[in-house]
**Student:** 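Have a look at this one.
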Amino acid sequence: VTAGTAVTSQSEALLNVNVATTITESPPVGFALQSITCTGLGAGTATPTINGINGGSVLLSAAAAVSGNNIVCTFTNVRLPTITIGTPVTVAEGTATQNVITLSAASAQAITVTLGTTFGTAAAADIGAAGTQTYSTDGGATFIPVPASGILTIPAGVTAVQVRTVTIDDLLTELAETFSLNISAPTGAVLGAAATQTVQNTITASDPATEIQAALGATTPTVVSPG
């Protein structure tokens, strides 16, 4: 199916005339029902019910479902926006990372997506406790906690969501560490390419080994051989 191209279905005859009749349609994968219009109703009426990605239906009144009426109902679908996550960042321990979830287009309905965390060389102890990860759907004016389920709700009309993840300054001597955020299971949107479903962040140590050595009066390690 190509956006903007109408597809004509086969003509169907009503089994019962002069009886209110409901016609139900489901949109193709990756689309959502936007509107339903009907012509040829005569003295009757058509009452649409639109459920977005779940399709919809139209109720033809008994006065419309009369012999001789040539009713044409058009179900218009719109392509769902693509959702991605990006903007990898490198931060010092104790600083929050900030990544952006992006929609390719605004949606007329709220969208949900599940946010997950995958640890690379970083561990769970290197980021904030549950409830300290937050997200903003209003350009960063306000941030709310990411729920335990990881499901974020993106209001209608919003195309960018900022996600903040607190990192912990643990005062340990260590190398840079990494962790990734990933998105999955969207409703009202479709995932982008695999590479756009995850983003890797880097945490640099605030107290690397060279700083410890400098404090002890040595800038290079001393190797001692046994014997």
**Student:** Could you walk me through whether N201 and T165 pass side-chain hydrogen bond (donor to acceptor under 3.5 Å, both in side chains), step by step?
**Tutor:** CA-CA 10 Å; N201 297 311; T165 305; 5.7 Å; no
**Student:** Return the minimal non-hydrogen interatomic distance between G52 and P27, and the atom names on each side.
**Tutor:** O-CG, 3.9 Å
**Student:** What are the two closest heavy atoms between F143 and Q162, and how far apart are they?
**Tutor:** CZ-OE1, 3.7 Å
**Student:** Is there a donor-acceptor contact under 3.5 Å from the side chain of T97 to the main chain of V89?
**Tutor:** no
**Student:** Please find the pair of heavy atoms, one from A185 and one from T114, that lie closest to each other, and give the distance.
**Tutor:** CB-OG1, 4.2 Å
**Student:** Which pair of non-hydrogen atoms, one from G188 and one from P81, has the smallest distance, and what is that distance?
**Tutor:** O-CD, 3.6 Å
**Student:** Grouping I, L, V, M, F, W and Y whenever their side-chain heavy atoms are under 4.5 Å apart, do V199 and I127 come out in a common cluster?
**Tutor:** yes
**Student:** Under 3.5 Å, side chain of N69 to main-chain N/O of L41, donor-acceptor pair present?
**Tutor:** yes
**Student:** First locate atom OG1 of T167, then atom CD1 of I203, and finally report the distance between them rounded to the nearest 0.5 Å.
**Tutor:** 5.0 Å
**Student:** How far does CG of D126 sit from CG of D169, to the nearest 0.5 angstrom?
**Tutor:** 10.5 Å
**Student:** Just by distance, do the side chain of E25 and the backbone of G55 share a donor-acceptor pair under 3.5 Å?
**Tutor:** no
**Student:** Under 4.5 Å between side-chain heavy atoms, counting indirect links through other Ile/Leu/Val/Met/Phe/Trp/Tyr residues: same cluster for V163 and I144 or not?
**Tutor:** yes
**Student:** Are L191 and L152 joined in one hydrophobic group, where the rule is that I, L, V, M, F, W and Y side chains link up if heavy atoms are under 4.5 Å apart?
**Tutor:** yes
**Student:** I'd like to know if the side chain of T117 and the backbone of L181 have a donor-acceptor N/O pair within less than 3.5 Å.
**Tutor:** no
**Student:** What's the spacing between I101 CD1 and I154 CD1 if we round to 0.5 Å?
**Tutor:** 6.0 Å
**Student:** Report yes or no: do I53 and I50 belong to one cluster of Ile/Leu/Val/Met/Phe/Trp/Tyr joined by side chain heavy-atom distances under 4.5 Å?
**Tutor:** no
**Student:** Of all heavy-atom pairs between I71 and A64, which one has the smallest distance, and what is that distance?
**Tutor:** CD1-O, 3.4 Å
**Student:** Please assess T121 against E177 for the test side-chain hydrogen bond (donor to acceptor under 3.5 Å, both in side chains), listing each intermediate value before the final yes or no.
**Tutor:** CA-CA 5 Å; T121 52; E177 300 169 316; 5.9 Å; no
**Student:** Which value, rounded to the nearest 0.5 Å, describes the distance between R164 atom CZ and Y135 atom OH?
**Tutor:** 14.5 Å
**Student:** Do you know the tightest heavy-atom contact between T21 and A65?
**Tutor:** OG1-CB, 4.3 Å
**Student:** State whether the side chain of N51 and the backbone N or O of N54 hold a donor-acceptor pair below 3.5 Å, judged by distance alone.
**Tutor:** no
**Student:** Does a side chain donor of either T102 or T84 reach within less than 3.5 Å of an acceptor in the other side chain?
**Tutor:** no
**Student:** Mark yes or no for whether T153, through its side chain, and T112, through its backbone, hold a donor-acceptor pair below 3.5 Å.
**Tutor:** no
**Student:** With rounding to the nearest 0.5 angstrom, report the CD1 to CG distance, I85 to N99.
**Tutor:** 5.5 Å
**Student:** How many angstroms lie between OG in S57 and CZ in F75, if you round to the nearest 0.5 Å?
**Tutor:** 7.5 Å
**Student:** Can you confirm whether C73 sits close enough to L60 that some side-chain heavy atom of one is under 4.5 Å from a side-chain heavy atom of the other?
**Tutor:** yes
**Student:** Do N77 and L33 come within less than 4.5 Å of each other through their side chains, counting heavy atoms only?
**Tutor:** yes
**Student:** Do I83 and V190 share a hydrophobic cluster (ILVMFWY, side-chain heavy atoms under 4.5 Å, transitive)?
**Tutor:** no
